[in-house]
Amino acid sequence: MIINQTIKKLLVANRGEIAIRVFRAATELKIQTLAVYTFEDRYSLHRYKADQSFQIGDDTEALKPYLDIEAIIKIAKENQVDAIHPGYGFLSENVTFAQRCKEENIIFVGPRVEAMLQLGDKVAAKKVALKVGVPLIKDSRINLLTLEDAIGEAKNIGFPVMLKAAAGGGGRGMRVVRNEQEMQMAFMSAKSEALNAFGDDTVFLEKFIVNPKHIEVQILGDNHGNIVHLYERDCSVQRRFQKVIEVAPSILKQETKNKLYEYAVNIAKEVNYNNAGTVEFLVDQQENIYFIEVNPRIQVEHTITEEITGIDIVRSQIIIAAGHPLSHSQIFIQKQEDIKCNGWAIQCRITTEDPLNDFKP
C-alpha cells in the first residue's frame, strides 16, 4: 500500500546550480528548504537561497564533506528534515546513502534502493537491458582486478576499447584505449579517478564505437507503477566525455526514436523504476542502437526536456517522492499520449577553458 507522505522540510545534499534549482521547486510547493555547505562554499549562492543552511566538514575540507553520508544524515535528523534531494554528482547515485535515508525514515528524492541496485551500477544495468532484449555493445565479462585482466579482455573484445568506471558518470574514469601499451597507462589512472570521484574503483571495458550519436531518453515514474518517457536529448557534442551542447529532441529517424522510447521504458518497467531517470544509448551512423547505462537521478540537461514538454521534472520528483501519482494536479500525466513535444531546445555549458589557447583555463 502506497501512503502519501507530507514533505514539510527538504534538505539538498549538494551545492551550486542544482541545489538552487531544487530549492526553487520546493519553494513553489511551499516546502521549507535546508542547505549544506563547506567552509570553502560559505559565500556560495546556494547557501543563501535556502531557508536554513549549515556548514559540514572542517574548514580545511573543500568538497569531501559533500560525500559524508553520516554528517548529512545527522543535520537532517537534528532539523526535522522530511526528505533529502541528492541533486547530481556527489551522493546522487550512492545506494548506501539512499539506504541510510530509508533507515532513518527520511524520504530519498530519487528511485527506491532496489532500483538503484539494479541500474546504478553500469555492469548490473546491462544485465537488465539484456533481459528485456535491448542491444548491447560488446564488453568485458570478468571483473577487471588487474592490468592483465584488462589486457586479456581488451584483446577478446578487439581494440579500440573504452575503459569505464562502473559507478557514477560525468566522464570520470573514462579512457579510450587503442592498444596494449595505452592500457598499461590508462588502467590504474582510471581506477584511481573512479575511486576519488565515486568511492568505487570498479572499471569495465566496452568496444569503442567511432563517431556515434549519444542519445538519452528521459523517463519519469511514480510509486504506483506508472512509467512514461519525456522524449530524448542528443548529447553528442562532448569534450573529454563531458557534455558541452545538448539538443532536445534529436534529428534521428522517427522509427529509431520509437525504438529508443520502447527500450528505455522497458528497462524502467523491468525494475519497477520510480522518480526521474535517464536511459542512455549510443546510435551509430547506420542508426543501430546500443544501450550504455541508466542515470538514476536528475541530470544537468533536464532543463531542455522541461522546455519541450512543459513538465517541471524537479518539482515532479518531489511530488512523486511524497507518494503522489503522475496524475497529480501539478504533474498531470494520465498516459503517455498526454506528453507533447513542442519545438527544440538547446543547452550550452560554459566552461573555463579557452579553445584558442590549447584549452587552458
Side-chain angles (χ1 to χ4, degrees), residues 88 110-112 115-116 118-120 125-126 128-129 131-136 169 213-236 243 246-283 287-317 319-321 324-328 330-347:
Y88 45 65
R112 61 176 62 85
M116 291 181 74
Q118 294 178 81
L119 296 178
K126 287 188 174 190
V128 175
K131 188 176 179 181
V132 295
V134 178
L136 300 176
K213 285 188 178 296
H214 186 145
I215 306 293
E216 56 189 31
V217 178
Q218 177 73 56
I219 54 174
L220 197 63
D222 62 24
N223 302 338
H224 305 263
N226 303 304
I227 296 172
V228 295
H229 70 78
L230 306 184
Y231 301 97
E232 82 286 359
R233 301 182 285 259
D234 186 331
C235 305
S236 304
K243 298 158 188 173
E246 294 109 355
V247 183
S250 68
I251 55 169
L252 294 170
K253 296 174 187 172
Q254 189 60 49
E255 180 185 359
T256 306
K257 292 185 181 191
N258 292 342
K259 282 185 182 178
L260 287 164
Y261 306 149
E262 181 185 349
Y263 290 155
V265 170
N266 285 349
I267 287 171
K269 284 183 176 178
E270 178 63 26
V271 300
N272 195 21
Y273 193 88
N274 64 311
N275 217 272
T278 306
V279 188
E280 303 204 5
F281 303 90
L282 292 182
V283 180
E287 297 204 4
N288 296 306
I289 297 167
Y290 302 97
F291 169 77
I292 314 175
E293 61 179 317
V294 176
N295 285 309
R297 54 173 170 82
I298 195 72
Q299 287 190 283
V300 177
E301 58 273 22
H302 72 276
T303 53
I304 55 173
T305 295
E306 292 180 326
E307 287 292 328
I308 64 167
T309 62
I311 294 168
D312 188 316
I313 298 172
V314 177
R315 193 165 64 199
S316 299
Q317 281 191 291
I319 293 167
I320 289 166
H324 298 289
L326 293 179
S327 57
H328 184 273
Q330 292 205 51
I331 307 176
F332 204 66
I333 300 172
Q334 303 280 359
K335 55 188 183 301
Q336 182 66 58
E337 291 71 29
D338 292 335
I339 306 164
K340 305 300 180 187
C341 181
N342 298 304
W344 271 265
I346 300 174
Q347 181 184 72

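Applying the side-chain hydrogen bond (donor to acceptor under 3.5 Å, both in side chains) test to residues at least two apart or on different chains, the pairs with a partner in residues 306-316 are Arg21-Glu306, Arg21-Asp312, Glu28-Arg315. Listed by first then second residue, pairs satisfying salt bridge (charged side-chain N to carboxylate O under 4.0 Å, His left out) with a partner in residues 214-225 read Glu216-Arg233, Glu216-Lys243, not counting sequence neighbours.
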> So Ile219 and Tyr273, side-chain contact (heavy atoms from CB on, under 4.5 Å) or not? Walk me through it.
Replying inline: CA-CA 9 Å; Ile219 54 174; Tyr273 193 88; 4.0 Å; yes

> Ile320 and Leu326: side-chain contact (heavy atoms from CB on, under 4.5 Å), yes or no, with the steps?
Replying inline: CA-CA 7 Å; Ile320 289 166; Leu326 293 179; 3.8 Å; yes

> Going through the checks in order, is the side-chain contact (heavy atoms from CB on, under 4.5 Å) test met by Glu280 and Val294?
Replying inline: CA-CA 6 Å; Glu280 303 204 5; Val294 176; over 6 Å; no

>> Please evaluate residues Leu230 and Val217 with respect to the criterion side-chain contact (heavy atoms from CB on, under 4.5 Å), reporting the C-alpha separation (whole Å), side-chain torsions for both, the decisive distance (0.1 Å), and the verdict.
In response: CA-CA 7 Å; Leu230 306 184; Val217 178; over 6 Å; no

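A donor-acceptor pair shorter than 3.5 Å cannot be found between the side chains of Ser327 and Gln334.
Qualifying side chain to side chain contact (heavy atoms under 4.5 Å, CB included) partners for Asn288, counting only residues two or more places apart in sequence or in other chains: Asp284, Gln286, Tyr290. With sequence neighbours excluded, the residues satisfying ring-ring contact (aromatic ring centres under 6.0 Å, His included) with Tyr231 are His229, Tyr261. Here Lys340 pairs with nothing under the salt bridge (Lys or Arg N to Asp or Glu O under 4.0 Å) rule; sequence neighbours left out.
For Lys259, the NZ atom is loosely surrounded, since the number of other residues' heavy atoms within 6.0 Å does not exceed 12. In the displayed structure, Lys257 atom NZ is contacted under 6.0 Å by more than 12 heavy atoms of other residues, nucleotides or ligands.
Between the side chain of His302 and the backbone N or O of Gln299 there is at least one donor-acceptor pair closer than 3.5 Å. With hydrogens and angles ignored, the 3.5 Å screen pairs a side-chain donor or acceptor of Glu232 with a backbone N or O of Ser250. At least one donor-acceptor pair closer than 3.5 Å links the side chain of Trp344 to the backbone N or O of Pro249. Counting only distance, with no hydrogens or angles, the side chain of Asn223 and the backbone of Asn274 share no donor-acceptor pair below 3.5 Å.
Heavy-atom minimum distance, Ser236 versus Asp234: OG-OD1, 2.5 Å. Annotation for Ala276 and Ile313: closest pair CB-CG2, 3.9 Å, computed over non-hydrogen atoms.
Taken to the nearest 0.5 Å, the OG1 atom of Thr256 stands 9.0 Å off from the CD atom of Gln254. Rounding to the nearest 0.5 angstrom, the gap separating the CD1 atom in Ile333 from the CD1 atom in Ile339 is 4.0 Å. Note that CD of Gln218 is 5.5 Å distant from OG1 of Thr305, once rounded to the nearest 0.5 Å. Taken from CD1 in Ile298 to OG1 in Thr278, the straight-line distance is 7.0 Å, to the nearest 0.5 Å. From His224, atom NE2 reaches atom CG of Asn272 across 11.0 Å, with rounding to the nearest 0.5 Å. Here the CG atom belonging to Leu282 is positioned 11.0 Å from the CD1 atom belonging to Ile289, to the nearest 0.5 angstrom.
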Side-chain donor-acceptor pairs under 3.5 Å in residues 263-271, sequence neighbours left out?
residue	atom	partner	partner atom	Å
Asn266	ND2	Glu262	O	3.3
Glu270	OE2	Lys131	NZ	3.1

